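Encoded as structure tokens, the structure appears first; notes follow it.
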There are 2 protein chains.
Amino acid sequence: MKMNERHLMQLAAVLDCGGVSEGAALLGMTQPAVSRSLSMLEARVGEPLFIKGRRPLQPTALGLQLAIHGRAILTASRRATDAVQGHLKGTSGVVRVGGVPFFMDALVSQMIASFHQEEAEITVNQSYGNLPELVSGLDAHLIDLAIAPVGTTHPGTAYEFIDILPGRNVVACRTGHPLMRRTRPRATDLAAFPWIAPLPGSPLMTDLQMILLSIGLSELNIRYSGGSLMSVMNFLADSDALAVLPFSVVFALRRENRVTMLPFDIPQPDRSLGVLRRLDAPRVPAADRFVNHIIRVFDDLKHTIKRHENAVVWTR
Amino acid sequence: MKMNERHLMQLAAVLDCGGVSEGAALLGMTQPAVSRSLSMLEARVGEPLFIKGRRPLQPTALGLQLAIHGRAILTASRRATDAVQGHLKGTSGVVRVGGVPFFMDALVSQMIASFHQEEAEITVNQSYGNLPELVSGLDAHLIDLAIAPVGTTHPGTAYEFIDILPGRNVVACRTGHPLMRRTRPRATDLAAFPWIAPLPGSPLMTDLQMILLSIGLSELNIRYSGGSLMSVMNFLADSDALAVLPFSVVFALRRENRVTMLPFDIPQPDRSLGVLRRLDAPRVPAADRFVNHIIRVFDDLKHTIKRHENAVVWTR
DNA sequence: TCATCTTCATAGCAAATTGCTATACAAGCC
DNA sequence: GGCTTGTATAGCAATTTGCTATGAAGATGA
């Protein structure tokens, strides 16, 4: 007893409007077309859907029941068109964004929040990973975009990379750390304190190796590893340990006044944080909007950083 | 951006089955038919719904979204066919039954409960009324059937009346009523006690008039009126008042052992309780099933009453 | 790396459906 | 009864649907 979904919708429209002509008008059709649809539906069902010979058109129990389902179809259809409209305009949909953990936690999560203020209809799905995982996530279309530091090993021409922040690491420590009393701490001073290792696979790990090399040490006194940014921050704030962190991450967390950075120059990675996308990925306007938002906010961040540094220089 | 609901359903089926061929099979169609539907949908939307050149067919974000709505349509459609199947078999649907208050409360409500044990899918909508209201309810198709006592004034040939229980009234009183001590109370005895008047419009009201006439009294000492059966029972049980009630109602309530009937003969109405339906009403199989159930249970009730009376005769 | 297999896309055709206009019909209303 | 309103039917053109046959392209395995 499979019946035509279009007919069910028309039935619902007719019952909602209280007449064949009105229902037809609602659907942008003519009365005879709808009338015939109803006849066909009745013929298929084999039972009357309307009580014959009654002017304010009156449905039978079955007609009423079927109209319920017709209404469901009607609303689903309307929602589908809404979804397409929203998708085309980018005002609704889902954005799946992957990123390296520390940046996601310190910066992007807040940006997602501010994005949601503007675009309440868009759902953002966040996931974590380092560059290789993110790239394969893009390849498998598991994520729409990745926010990651990308350096000399650009993943390839199949990808678009939008640079949003030059890589810049600092040695972070708690506010009031013993080394902060010195105007210029030396390499040997740094080696005297315990260190926090970055997450395995993180580019910060190679950065840390480079730092070791540059200050002529074979190994550091690693006392903590594997923590998320929040864990690292907690550890850092409650100990004299040191950690290599992106400058922007430390900057973003300056309000909390728990960690700061040592005035110690370390070799900088040839890397930039940016948005990575597959060029051949299907267009997701919601993702476009999200990327635009991210770029805009990062741009603001750059200016804030600049103003902040100028201010610091002046007050020195 | 109105799109074809059938296409949306096919999209949903394809994504659920993980392939065009499988989805087509699920819908009982061929692969090319579905394939073309998807192409047409894509063309209408203007955006890809699938990621090209990828063998385990992978939908885009938009494809996924639209499939959700397609699924909704699919389930609504399935439910519609279920509704028709259920309607035809009478195993689902709604039965709207109207009836005179006392019978509904004392007998039919229990029967509806037992009916629901057998036919869990059928919803029963109960309403109250006396014969004129019930008939106009049938005329306006507000109820599918009426359970009411019908006498000489049969409503007409447009209706079907199924007799289920001959009318038989008794004078009811509480158990332990003073009059129960007498083997044969007399009319003047009855007049000495307060009476409960039936609901206005109830056939019991005319019955009461007839009783008055037969015992040669001009009026009774009416002390309570307008109550539902439960109220009447409560009043009856807690007072020495008398009431005219259908025998079957008193019989049905014998378990509670709160009221009984006086061994006093009263004129019986030329009336029968039965099921009244419009002949031209649309067929509602669920209602048929309900009526069958009612008839069956009332038949059982008749036999029970007979056995009970025989037993009473024996033990006397 | 090539042959093979599976799965999707396209072409072409017959049949069904859809939508329209014009018109007949039926129920309510004076 | 006659009028008004709203529904059903007829007939026709255009579109859509579904099919079979076949081509194309990613996946698979030696």
Side-chain angles (χ1 to χ4, degrees), chain A residues 2-45 48-60 63 67 70 73-74 77 139-141 158 278 280 282, chain B residues 2-45 47-60 63 67 70 73-74 77 139-141 158 280 282:
Chain A
K2 174 96 180 61
M3 56 203 112
N4 191 320
E5 290 73 23
R6 199 167 308 184
H7 294 173
L8 290 174
M9 292 195 297
Q10 292 174 19
L11 172 67
V14 165
L15 290 201
D16 286 346
C17 295
V20 177
S21 315
E22 296 89 327
L26 180 81
L27 297 171
M29 299 171 64
T30 57
Q31 170 267 318
V34 173
S35 182
R36 183 174 49 187
S37 292
L38 296 180
S39 303
M40 293 173 84
L41 196 59
E42 262 187 344
R44 168 143 289 168
V45 170
L49 301 177
F50 292 91
I51 296 165
K52 302 300 171 198
R54 218 152 258 279
R55 195 42 57 161
L57 209 60
Q58 204 147 12
T60 64
I73 295 174
L74 210 49
S77 177
D139 291 345
H141 291 93
R278 270 193 79 98
D280 67 342
Chain B
K2 174 97 182 62
M3 58 203 113
N4 192 319
E5 290 74 23
R6 199 166 310 184
H7 294 172
L8 289 174
M9 291 195 298
Q10 292 174 18
L11 173 67
V14 165
L15 291 201
D16 286 346
C17 296
V20 176
S21 315
E22 295 90 328
L26 180 81
L27 297 171
M29 300 172 64
T30 59
Q31 170 267 319
V34 174
S35 181
R36 182 173 50 185
S37 291
L38 296 180
S39 303
M40 292 172 84
L41 196 59
E42 263 186 345
R44 168 143 291 169
V45 170
E47 295 278 321
L49 301 176
F50 292 92
I51 296 165
K52 303 297 170 198
R54 216 152 259 281
R55 197 40 60 158
L57 208 59
Q58 204 147 14
T60 64
I73 296 174
L74 210 49
S77 178
D139 290 344
H141 290 92
D280 68 342

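Because the structure is a prediction, the values reported are computed rather than measured. So you know, we letter chains A, B, ... as the sequences are listed, proteins then strands, and number each from 1.
Between A:T30 and the phosphate of C:dG19, there is no side-chain N or O to OP1/OP2 separation shorter than 4.0 Å.
Atom CD in B:E5 sits roughly 13 Å away from atom P in D:dT16 (whole-Å rounding). Following rounding to the nearest Å, A:L38 (CG) and D:dT9 (P) show an atom-to-atom distance of 11 Å.
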Can you list, pair by pair, the side-chain donor-acceptor contacts under 3.5 Å of residues 10-19 of chain A, counting residues two or more places apart and other chains?
{"unit_1": "A:Q10", "atom_1": "OE1", "unit_2": "A:S37", "atom_2": "OG", "d": "2.6"}
{"unit_1": "A:D16", "atom_1": "OD1", "unit_2": "A:R71", "atom_2": "NH1", "d": "2.1"}
{"unit_1": "A:D16", "atom_1": "OD2", "unit_2": "A:R71", "atom_2": "NH1", "d": "3.0"}

Could you go through residues 21-35 of chain B and list every donor-acceptor pair under 3.5 Å that involves a side-chain atom there, pairing it with any protein atom two or more places apart or in another chain?
none

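Separating the CG atom in A:L41 from the CG atom in A:N4 is a distance of 8.0 Å, to the nearest 0.5 Å.
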Protein heavy-atom contacts under 4.0 Å, written 5' to 3' over nucleotides 10-18 of chain C as B (base), S (sugar-phosphate only) or - (none), form the string B-B-----B
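Remark: A:E5 pairs with A:K2, B:S77 by the side-chain hydrogen bond (donor to acceptor under 3.5 Å, both in side chains) rule, at least two apart or across chains. Legend: residues meeting side-chain contact (heavy atoms from CB on, under 4.5 Å) with A:E42, ordered by chain and number and at least two apart, are A:P48, A:L49, A:F50, A:K52. Listed by chain and number, the residues in a side-chain contact (heavy atoms from CB on, under 4.5 Å) with A:R36 are A:M40 (sequence neighbours excluded).
Against DNA chain D, the stretch residues 12-27 of chain B makes no heavy-atom approach under 4.0 Å.
Taking five base pairs at each end of the helix from C:dT1-D:dA30 to C:dC30-D:dG1 and finding the rotation axis that steps the C1' atoms of four pairs onto the next four gives two axes whose angle is 40°, to the nearest 10°.
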